[in-house]
Amino acid sequence: MWTSSLSGRSVVVTGGSKGIGRGIAKVFGGHGARVMIVARRLKDAEATAQELSAAGATTSAFAADVTQPSDMEAMAKAACDRHGGLDVLCANAGIFPQARLEEMSPEAWDEVLDTNLKGTFLAVKACLPYLKNSSQGRIVITSSITGPVTGYPGWAHYGATKAGQLGFMRTACIELARHRITVNAVMPGNIVTEGLQGLGEEYLKRMAASIPLKRLGSVEDIGNAVAFFASKEAAYITGQTIIVDGGQTLPESLEALASA
Ligand code: NAP
């Protein structure tokens with residue numbers, strides 16, 4: 001019988017109550033990992049944990065804000081206490097309010113940078129003491145195509161954080177290699193989440209038409225890529241990225257897409 005190398009691993013997913021984080025938690029749960037789902041709203045995290053547990057996964061919930069160092073320290077300790085250690089941090093929590101440059105306030109800029117970029121650093125820093133004790137320490141960051149590869153009006157601050165996460169990763173992976181901890185990042189394209197569904201059927205149809213594989217991604221598509229980076233099989237991969245976007249970033253022009 002095949003057993004996943006993630007079976008029994010202790011995993012923390014920040015932003016695990018909804019969207020992509022929930023998909024990541026679901027995939028890890030399916031591999032037999034023990035998953036702690038983290039979000040600011042405990043009720044949402046508990047609801048997701050219960051839903052995944054009912055489907056056979058081992059999950060629990062924890063309330064924490066990634067912008068708060070003490071919350072991140074409590075999160076890492078709780079995962080270790082609950083699971084007897086910590087093997088995988090999925091630094092996934094993120095926000096993406098839209099504001100064009102002329103309307104963007106310094107406060108809005110700070111909020112996005114605090115959550116997406118500083119939050120990634122704080123989660124990693126808090127989990128390090130525990131990850132160092134793991135035989136298979138893994139950090140997987142949820143970046144995006146927006147910022148590192150593409151641009152989108154209204155998301156200058158967001159794009160800066162998603163590109164910044166990759167800069168952070170490239171130094172972190174060198175520093176942490178001596179502890180056998182790998183640091184990698186997934187770069188999702190347009191993924192169907194509760195938030196995206198709110199944009200309406202017409203918008204989703206237009207988006208799907210602009211993607212070579214002619215569909216938007218699922219949260220499980222991202223979860224599977226994260227699970228690969230976290231697996232034993234990916235032990236020799238660090239500081240790398242994988243774009244999961246159905247080919248969205250590839251056509252060099254609308255003409256290239258139309259003539260496919
Ligand atoms: P989402 O559905 O809005 O979920 C965001 C999650 O993050 C929620 O669980 C939320 O719970 C949590 N969160 C937000 N701020 C937090 C904070 N300060 N501390 C702790 N948790 C916090 O978002 P999503 O679309 O799944 O996006 C997740 C990640 O994927 C983000 O990093 C985003 O940049 C990236 N991404 C998304 C897409 C996409 O198409 N959806 C594409 C590329 C990249 P609480 O509000 O309760 O805290």
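On a predicted model such as this, the values are computed, not experimentally measured, just so you know. In listed order, ligands and their atoms are each counted from 1. FYI, side chains are in, hydrogens and waters are out, and symmetry mates aren't considered; it's all heavy atoms of this structure.
- Among the atoms of Thr115, none of the N or O lies under 3.5 angstrom from an N or O of ligand 1.
- In terms of N/O distances under 3.5 Å, ligand 1 is not approached by Glu194.
- Closest to atom 30 (O) of ligand 1 among all protein heavy atoms lies Thr142 CG2, 3.3 Å.
- In terms of protein heavy-atom proximity, atom 34 (O) of ligand 1 is nearest to Tyr158 OH, 2.5 Å.
- For ligand 1, the polar-atom distance check finds no N/O of Asn190 at less than 3.5 Å from any of the ligand's N/O atoms.
- Remark: ligand 1 and Ile20 share an N or O pair separated by less than 3.5 Å (distance only, no angle test).
- With hydrogens left out, the protein atom closest to atom 19 (N) of ligand 1 is Val66 N, 2.9 Å, a heavy atom.
- Residue Asp65 has at least one nitrogen or oxygen atom sitting less than 3.5 Å from a nitrogen or oxygen atom of ligand 1, judged on distance alone.
- For residues 21-35, the salt bridge (Lys or Arg N to Asp or Glu O under 4.0 Å) pairs, not counting sequence neighbours, are Arg22-Glu51, Arg22-Glu194, Lys26-Glu220.
- For Asp221 and Arg215, the salt-bridge test passes: some basic side-chain N is under 4.0 Å from an acidic carboxylate O.
- In terms of protein heavy atoms, atom 22 (C) of ligand 1 is closest to Ala93 CB, 3.7 Å.
- In terms of protein heavy-atom proximity, atom 20 (C) of ligand 1 is nearest to Ala64 O, 3.3 Å.
- Counting only residues at least two apart or on different chains, no ring-ring contact (aromatic ring centres under 6.0 Å, His included) pair has a member in residues 222-260.
- Using a 4.5 Å heavy-atom cutoff, the side chains of Cys127 and Met72 are not in contact.
- A side-chain donor-acceptor contact under 3.5 Å links Gln248 and Asn190.
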